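The next block holds one structure in the form of structure tokens; read it before the comments.
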There are 2 protein chains.
Amino acid sequence: MDQITAKDAFAALAHETRLSVFRLLVRQGPGGLPALEIARRLGAPPSTLSSHLASLKRAGLLNAERRHRQILYAANLAAVNDIVRFLLEDCCGGDPAACAGIGGVILPARATPSDA
Amino acid sequence: MDQITAKDAFAALAHETRLSVFRLLVRQGPGGLPALEIARRLGAPPSTLSSHLASLKRAGLLNAERRHRQILYAANLAAVNDIVRFLLEDCCGGDPAACAGIGGVILPARATPSDA
DNA sequence: GCCTCATTTCGTAGATTCTCGAATTATCGT
DNA sequence: ACGATAATTCGAGAATCTACGAAATGAGGC
């Protein structure tokens with residue numbers, strides 16, 4: 001995870017429709033949904049949505065898998081993991097105590113990026 | 001945390017300079033850094049940096065505190081917590097088992113958005 | 001091979017964002 | 001009050017992003 005990759009991921013999420021797409025697929029789980037079904041649920045034209053799906057996929061936030069005639073898109077939760085870890089890397093200069101009181105959802109873990 | 005707030009936060013991070021600013025302040029910890037010092041370390045002109053700091057602050061990602069003649073900016077880690085929680089809300093339709101294998105940094109916690 | 005459904009690519013007009021010097025405002029020391 | 005330092009606002013050109021219909025591509029079914 002480098003600066004550019006992270007920036008692209010944030011840019012992909014910095015749009016109302018794309019954010020809705022991603023959250024919908026997070027709720028949907030690993031099974032995913034086909035492109036037209038996503039467009040239908042969000043009330044967006046297929047061509048518009050296709051470019052948004054391409055953005056999210058290019059940013060590494062979605063996995064796409066062909067299933068018969070349709071393409072199933074699913075949220076890539078590991079990517080969220082990666083960008084959060086990148087964002088909080090070496091938090092508070094590495095002092096865990098100073099970081100402790102932030103809320104509980106995020107565990108900065110170790111700063112060594114040795115595990116892919 | 002609503003859709004627009006989250007989108008603004010992602011938009012604020014979707015820029016190389018602002019992302020560098022935020023990560024620098026994460027590393028710096030609660031003490032924060034004055035604006036010109038941030039500009040100096042990142043090699044950016046003060047006026048450019050000021051607008052970026054304003055973006056990040058408007059998005060709720062930075063806290064600013066006046067300290068004598070300077071203004072100390074510090075990363076708001078709780079905001080990161082909030083946007084990640086928003087992003088993963090009702091993950092996998094609420095089935096924790098399906099979400100379990102994502103990597104370990106993020107704990108989806110409860111989906112009830114009752115706590116501000 | 002042909003028809004149909006699912007999805008993407010193309011084109012272009014419109015809207016938004018970005019940069020940074022100059023001018024401005026705010027704070028402190030004397 | 002004055003001078004110096006810290007930070008922000010203003011302005012305008014340049015660059016990037018966005019939307020969506022029409023046309024093209026891809027994958028089956030018959």
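A note on names: the letters A, B, ... follow the listed sequences, proteins ahead of strands, and every chain is numbered from 1. The structure displayed is predicted, hence computed values, not measured ones. Just so it is clear, the values below take in all heavy atoms, side chains as well, and ignore hydrogens, waters and symmetry mates.
Phosphate proximity of D:dT8 to B:S50: present, with a side-chain N or O under 4.0 Å from OP1 or OP2. Regarding contacts with the backbone of C:dT17, every side-chain N or O of A:H15 stays at 4.0 angstrom or more from both OP1 and OP2. In terms of phosphate contacts, A:T48 brings no side-chain nitrogen or oxygen within less than 4.0 Å of OP1 or OP2 of D:dA19. Of the side-chain N and O atoms in B:Y73, none sit less than 4.0 angstrom from OP1 or OP2 of D:dA6.
Atoms CZ (A:R58) and C1' (C:dT9) sit 12 Å apart, rounded to a whole Å. Atom CG of A:L36 is separated from atom P of C:dT4 by 17 Å (rounded to the nearest Å). D:dC17 atom P lies 19 Å from atom CD of A:E16, rounded to whole Å. Protein atom NE2 of B:H52 is 15 Å distant from nucleotide atom C1' of D:dT9, rounded to whole Å. A straight line from CG of B:L53 to C1' of D:dA6 spans 12 Å, rounded to a whole angstrom. We find that NZ of B:K7 is positioned 15 Å from P of D:dC17, with the value rounded to whole Å. In this structure, the CG atom of B:L49 is 13 Å from the P atom of C:dC18, given to the nearest Å. D:dA7 atom C1' lies 6 Å from atom CD1 of B:I71, rounded to whole Å.
Counting all heavy atoms, side chain and backbone alike, B:A9 lies closest to B:I83 at CB-CG2, 3.8 Å. B:G29 and B:A74 get closest at one heavy-atom pair: O-CB, 4.3 Å.
Between the side chains of A:T5 and A:D2, a donor-acceptor pair is found at a separation under 3.5 Å.
Taking the side chain as every heavy atom from C-beta outward, A:L77 and B:C91 approach each other to under 4.5 Å.
The pair B:E89-B:R85 does not count as a salt bridge, with every side-chain nitrogen at least 4.0 angstrom from each carboxylate oxygen.
Residue B:A35 has its side chain nearest to D:dT8 when only D:dT8, C:dT7, D:dA22 are considered. Distances from the side chain of A:R18 to the nucleotides C:dT8, D:dT18, D:dT8 place D:dT18 closest. Of all nucleotides listed (C:dT8, D:dA7, C:dC20), C:dT8 comes nearest to the side chain of A:P46.
Nearer to the 5' terminus of DNA chain C, by closest-nucleotide assignment, is the contact made by A:L72 (compared with the other of A:L72 and B:A14).
A:S50 places no side-chain N or O within donor-acceptor distance of the main-chain N or O of A:P46, the cut-off being under 3.5 Å.
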Polar atom pairs (N or O), protein with nucleotides 25-29 of chain D, under 3.5 Å:
unit_1: D:dG28; atom_1: OP1; unit_2: A:H68; atom_2: O; d: 3.1

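Hydrophobic cluster membership differs between B:L36 and B:L49, with clusters built from Ile, Leu, Val, Met, Phe, Trp and Tyr side chains linked at under 4.5 angstrom.
Contact annotation for A:P45: backbone-only contact, meaning every heavy-atom pair under 4.0 Å involves sugar-phosphate atoms and none involves a base.
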